[in-house]
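As structure tokens, the structure follows; a few thoughts come after it.
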There are 2 protein chains.
Amino acid sequence: MLTRNVLRNRTEDLTEEERSVLESAVERTQTFAAGQTVVHQQRAVDTSTVLVQGLMTRHVHTDDGRRHLVAVQVPGDFVDLHAYVLKQLDHDLGALTDVRVALVPHAALDAIQARHPQLAKRLWFLTLLDAAMHRQWVMRLASLSALQRVAHFLCEMNAKLLAIGESDGERFALPMTQTDIGEVCGLTNVHVSRVLRQLREMGLCSWRAAQVVVHDPVRLAATGLFTPDYLYLNRATALRVAGHTGEAHGR
Amino acid sequence: MLTRNVLRNRTEDLTEEERSVLESAVERTQTFAAGQTVVHQQRAVDTSTVLVQGLMTRHVHTDDGRRHLVAVQVPGDFVDLHAYVLKQLDHDLGALTDVRVALVPHAALDAIQARHPQLAKRLWFLTLLDAAMHRQWVMRLASLSALQRVAHFLCEMNAKLLAIGESDGERFALPMTQTDIGEVCGLTNVHVSRVLRQLREMGLCSWRAAQVVVHDPVRLAATGLFTPDYLYLNRATALRVAGHTGEAHGR
DNA sequence: CGTGAATTTGAGAGCCATCAATCTAAGTGG
DNA sequence: CCACTTAGATTGATGGCTCTCAAATTCACG
């Protein structure tokens with residue numbers, strides 16, 4: 001099922017009927033190779049994209065040619081749903097790995113908007129999750145040190161992948177280069193390398209062959225000042241994340 | 001009319017009927033004094049807030065007590081509309097000046113969602129504008145220098161205030177302290193002071209008594225790598241902003 | 001005119017960028 | 001199977017941007 005991971009383990013799940021409506025809104029699927037740009041900024045679009053498999057980036061370019069990521073998308077993310085409403089993107093969509101996506105024509109979304117207000121509200125929710133993550137990224141860049149930023153990002157990816165069953169809470173695949181991490185955290189690849197070494201030497205986590213192993217989830221979260229509230233996970237999943245971040249008894 | 005500035009001068013305006021539906025969704029108005037916290041993070045909410053007059057902040061707290069802004073709201077902004085969908089806020093809402101707000105119960109929004117799908121989509125649009133601005137803030141923090149960040153922020157406020165008729169493109173009120181600016185740009189108040197002096201000495205803009213005067217809009221925008229696309233202004237307003245940023249002939 | 005908040009200025013330190021070289025790993029072709 | 005290539009990771013040295021701490025000054029306001 002292509003939309004299996006959409007809203008999976010968030011505060012409120014889709015009903016079976018809603019999920020089947022969404023599933024039938026998919027027109028077709030498509031694959032892209034790692035490194036390809038899937039949608040270009042400013043291109044008028046009439047279709048939105050659900051990420052089915054692989055990782056994607058949303059990134060902007062500065063005038064001097066540098067790139068910066070504003071989001072890393074995982075399977076189940078409706079990566080450019082906001083383009084349905086905004087009519088154009090203010091950033092690029094890229095494939096971080098080989099990816100498989102499901103394409104949903106905006107006409108089908110119009111029908112949902114007109115006939116399934118509750119589902120439409122769930123889609124709205126999806127785009128607001130994005131916004132909540134953006135806010136956390138703003139906080140991360142504005143108030144955290146390099147070490148904290150990287151720790152925070154790793155915790156975030158761990159939690160998001162946990163929600164879709166692609167992390168067990170202590171080990172997950174993260175096929176990004178250190179330059180990519182730098183573009184997430186506003187750091188150079190050189191400094192990312194130093195920070196990762198420091199995290200390793202602190203016994204918090206290690207990173208080899210695109211595999212992250214979190215040795216001390218609690219201290220890693222504490223280092224990155226990470227709390228998963230902004231991901232709006234359901235209770236059970238939040239507790240699983242919290243169990244790995246030392247907040248099992250809080251809230 | 002309380003909702004006069006909502007979506008004013010954005011790409012697609014509200015129809016008269018839509019605006020009157022929205023207007024009648026307002027339950028009552030309320031005022032807050034400068035410095036007050038209007039809504040606390042994590043508080044469950046059943047009402048959303050349209051800013052009618054004054055400026056508000058959306059800010060998060062870090063564990064060590066520091067504060068950081070994730071948005072500055074101007075009249076016409078539906079400042080916590082996302083709480084209608086998310087059910088709780090992941091940040092605080094504060095009054096930067098004395099403010100007047102209109103309160104819209106979520107029950108009224110439910111009715112709009114169910115019976116006015118087009119208006120619901122326009123509300124969705126509003127929350128996506130927020131997200132687009134968040135992305136720009138991420139870019140600003142990650143890739144710009146202190147000087148560029150402040151210049152970018154000033155251009156953004158100028159454009160937003162222009163859209164609601166509170167700036168003429170070269171002069172506008174900005175009742176924030178330099179500490180506030182620092183919390184927007186991820187800088188200390190000390191460094192903000194130095195940057196403002198530099199902008200003044202470069203002849204780009206000056207800042208006295210909470211009044212910003214932009215002496216050279218084109219170079220200020222160039223300095224901050226500012227382009228107003230992400231504000232999704234309508235053509236006429238975009239041209240007015242562009243006329244002040246040297247892009248009148250582009251696009 | 002006094003008081004506190006906000007701004008300005010200075011000196012020193014630290015974090016991270018930059019530049020550059022080395023090293024590793026994975027692929028490619030002979 | 002090995003030289004060659006290339007992308008990515010690592011390490012070192014240096015410098016600059018911004019923070020921190022501290023004091024002086026200006027401003028807003030009662």
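The chains referred to below are lettered A, B, ... by the order of the sequence lines, with proteins before strands, and numbering in each begins at 1. Only this structure's heavy atoms are used, side chains among them; waters, hydrogens and symmetry mates stay out.
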Polar side-chain atom of B/T97 near backbone of B/L55 as donor-acceptor pair, under 3.5 Å: yes
A/Q198 CD to D/dT10 P, straight-line distance once rounded to whole Å: 14 Å
Under-4.0 Å salt bridge between A/D180 and A/R67: yes
Base-contact (B) and sugar-phosphate-only (S) positions in nucleotides 14-30 of chain D, heavy-atom cut-off under 4.0 Å, - elsewhere: ----SSBB------S--
Check: A/H82 ring centroid to A/H91 ring centroid under 6.0 Å: yes
Value in whole Å for how far the P atom of C/dA17 lies from CD1 of A/I181: 14 Å
Any donor-acceptor pair under 3.5 Å from A/D92 side chain to A/V60 backbone: no
B/R100 (side chain) donor-acceptor with B/V52 (main chain) under 3.5 angstrom: no
Between D/dT11 (C1') and A/L196 (CG): distance, integer Å: 14 Å
Interatomic distance where CD belongs to A/Q178 and P belongs to D/dT11 [whole Å]: 10 Å
Side chain B/R135, main chain A/V70, donor-acceptor under 3.5 Å: no
